[in-house]
> 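Questions regarding the structure given below will be posed in turn.
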Protein chains: 2
Amino acid sequence: MRPREFDHDDVLRIAFDQFWRKGVRGTSLSDIARDAGVQRGSLYNAFGSKEALFLQAYERYAGDYLLALQKALGTGSLRKRLTAFFDLTITNFRSGSPPRGCPTTRGLMELGAAEGEGLDEEARQAFASLVSRITALVQDTLSAGARRGEFNGNPAAAALHIVTVTRGLAVLERAYGDEAQLRKIAAHAIDLVLDKKGG
Amino acid sequence: MRPREFDHDDVLRIAFDQFWRKGVRGTSLSDIARDAGVQRGSLYNAFGSKEALFLQAYERYAGDYLLALQKALGTGSLRKRLTAFFDLTITNFRSGSPPRGCPTTRGLMELGAAEGEGLDEEARQAFASLVSRITALVQDTLSAGARRGEFNGNPAAAALHIVTVTRGLAVLERAYGDEAQLRKIAAHAIDLVLDKKGG
DNA sequence: CAAATTATTTGACACGACGTCAAGAATATG
DNA sequence: CATATTCTTGACGTCGTGTCAAATAATTTG
């Protein structure tokens, strides 16, 4: 066996950086190959296709991101935890120059329309899985907060609502690029969820 | 002058149908030309580029959609109006088979990353403009509701929150395709906004 | 230590997409 | 009836994805 001339993980990082900045459809394997100092054919040999390469790169990102979220949601009052959650979310959307937006949201909207369209379906599941796991983290945080008397609504509904707002923030980020606005919306969402009538 | 052999508006409708179903990047001018029974070159002659054709088709859609929203927001109690607003929004996302999702949200996430990237910037403005106009409609509705004592929060903040939720719904629609879930989230959002503490 | 094995690399190819251009076709105008 | 003007048509260049066979280089085996 001949050993590979490039580092698998390096390529994954380089590829995801491009996917994040330009989207999957907007990134060519030639771009990635040039950036990684690898021949295009080698990428096909190692990963199979652009979509498969993206999936691997995305899973990497998703794992890292979940860990960071878990950390943000792990300390302080419920309000502090939710604030840290939105902070991390928005900071993530606004990272890079120019800001790269949310890769999950972009990926979801880049999907083809057909129901079972090859790897599209696999990608959809990867995106949906991250969103679900984030929702679960938020719900757990709210449930814990409820046990401590900091929240008295429905944790599942509230978590879904909060995650829906973060997806909306990802979209508004692309529309206006106004980070202060995003933070205002986030603060308002926290108020709505925590100051609910009867709370 | 030689007369055009196709109807300008027909092509716009046919083109937007494809853009809506498959996204701008996922739709080729060959697709549109075939569907419209027009030569590809004629489209370039008449519209200039794919992006320009999309922009015209999108403006058409945006105008129609705004009118429909205005109608939905125009009658009944504030709660009824907001319910009709979310109803129309979700129904729009779920129209077609398979459901086509939200063209504005998809368009926004399909934009290139570079700040001033040719027509991308024009498209971004078109998307942002529709979102802004929707926000204004919702805000007016909330203000009117406030004058009638049906709402006592900040109309601007609440309108922005509601529109953010609709953008989030567009994303979740792609992730899960679960219309019942979308309607639950919408109902919860209305409750949060209208039942705010002190309301 | 030499040689066969085996995966990786490399370059050529087919195909489809965008956009441009010059040449042909059809109407309106003088 | 001829001319000018616009639309249409088909060919071209470039770039994207994905495939394939041939060349290459290390490891494993004898």
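What you see below is based on every heavy atom in this structure, not just the backbone, and it leaves out hydrogens, waters and symmetry mates. Each chain gets a letter, A, B and so on, in the order the sequences are listed, and its residues count up from 1.
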> Quick one: pull up CG in B:L130 and OG1 in B:T104 and give me the separation to the nearest 0.5 Å.
4.5 Å
> Nearest to the side chain of B:S49, which nucleotide is it out of D:dT19, D:dT6, C:dG19?
C:dG19
> OP1 or OP2 of C:dT10 versus the side-chain N and O atoms of A:Q39: is any pair under 4.0 Å?
yes
> Please report the distance, rounded to the nearest Å, between CZ in A:F47 and C1' in D:dT19.
18 Å
> Can a side chain N or O of B:S42 be found less than 4.0 Å away from OP1 or OP2 on D:dT8?
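Yes, because at least one side-chain N or O of B:S42 sits under 4.0 Å from OP1 or OP2 of D:dT8.
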> Any carboxylate oxygen within less than 4.0 angstrom of a Lys/Arg side-chain nitrogen, looking at A:R94 and A:E173?
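Looking at A:E173 together with A:R94, the answer is yes, because their closest N to O distance falls below 4.0 Å.
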> Would you mind reading off the distance between B:N45 atom CG and D:dG10 atom C1', rounded to a whole angstrom?
14 Å
> Starting at the 5' end of nucleotides 12-17 of chain C, put B wherever the base has a protein heavy atom under 4.0 Å, S where only the sugar-phosphate does, and a dash everywhere else.
-----S
> If you look only at pairs with a residue in residues 5-18 of chain A, which of them pass as a side-chain hydrogen bond (donor to acceptor under 3.5 Å, both in side chains), with sequence neighbours excluded?
A:R2-A:E5, A:D9-A:R60, A:D10-A:R13, A:D17-A:R21, A:Q18-A:K22, A:Q18-A:D35
> Any luck finding a side-chain donor-acceptor pair between A:D31 and A:S28 under 3.5 Å?
yes
> Tell me the interatomic distance from A:L43, atom CG, to C:dG11, atom P, rounded to whole angstroms.
14 Å
> Distance from B:T91 atom OG1 to B:F86 atom CZ, nearest 0.5 Å?
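B:T91 atom OG1 to B:F86 atom CZ measures 12.5 Å (nearest 0.5 Å).
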> For A:I32 and D:dG18, what is the distance between atoms CD1 and P respectively, to the nearest whole Å?
11 Å
> So, are B:D178 and B:R183 salt-bridged, with charged N and O less than 4.0 Å apart?
no
> Which ones in residues 2-9 of chain A lie close to DNA chain C, meaning a heavy atom under 4.0 Å from one of its atoms?
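Residues of residues 2-9 of chain A under 4.0 Å from DNA chain C: A:R2, A:R4, A:E5, A:F6.
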> Is the distance between the ring centroids of B:Y58 and B:F19 under 6.0 Å?
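Ring-ring flag for B:F19/B:Y58: false, centres at least 6.0 Å apart.
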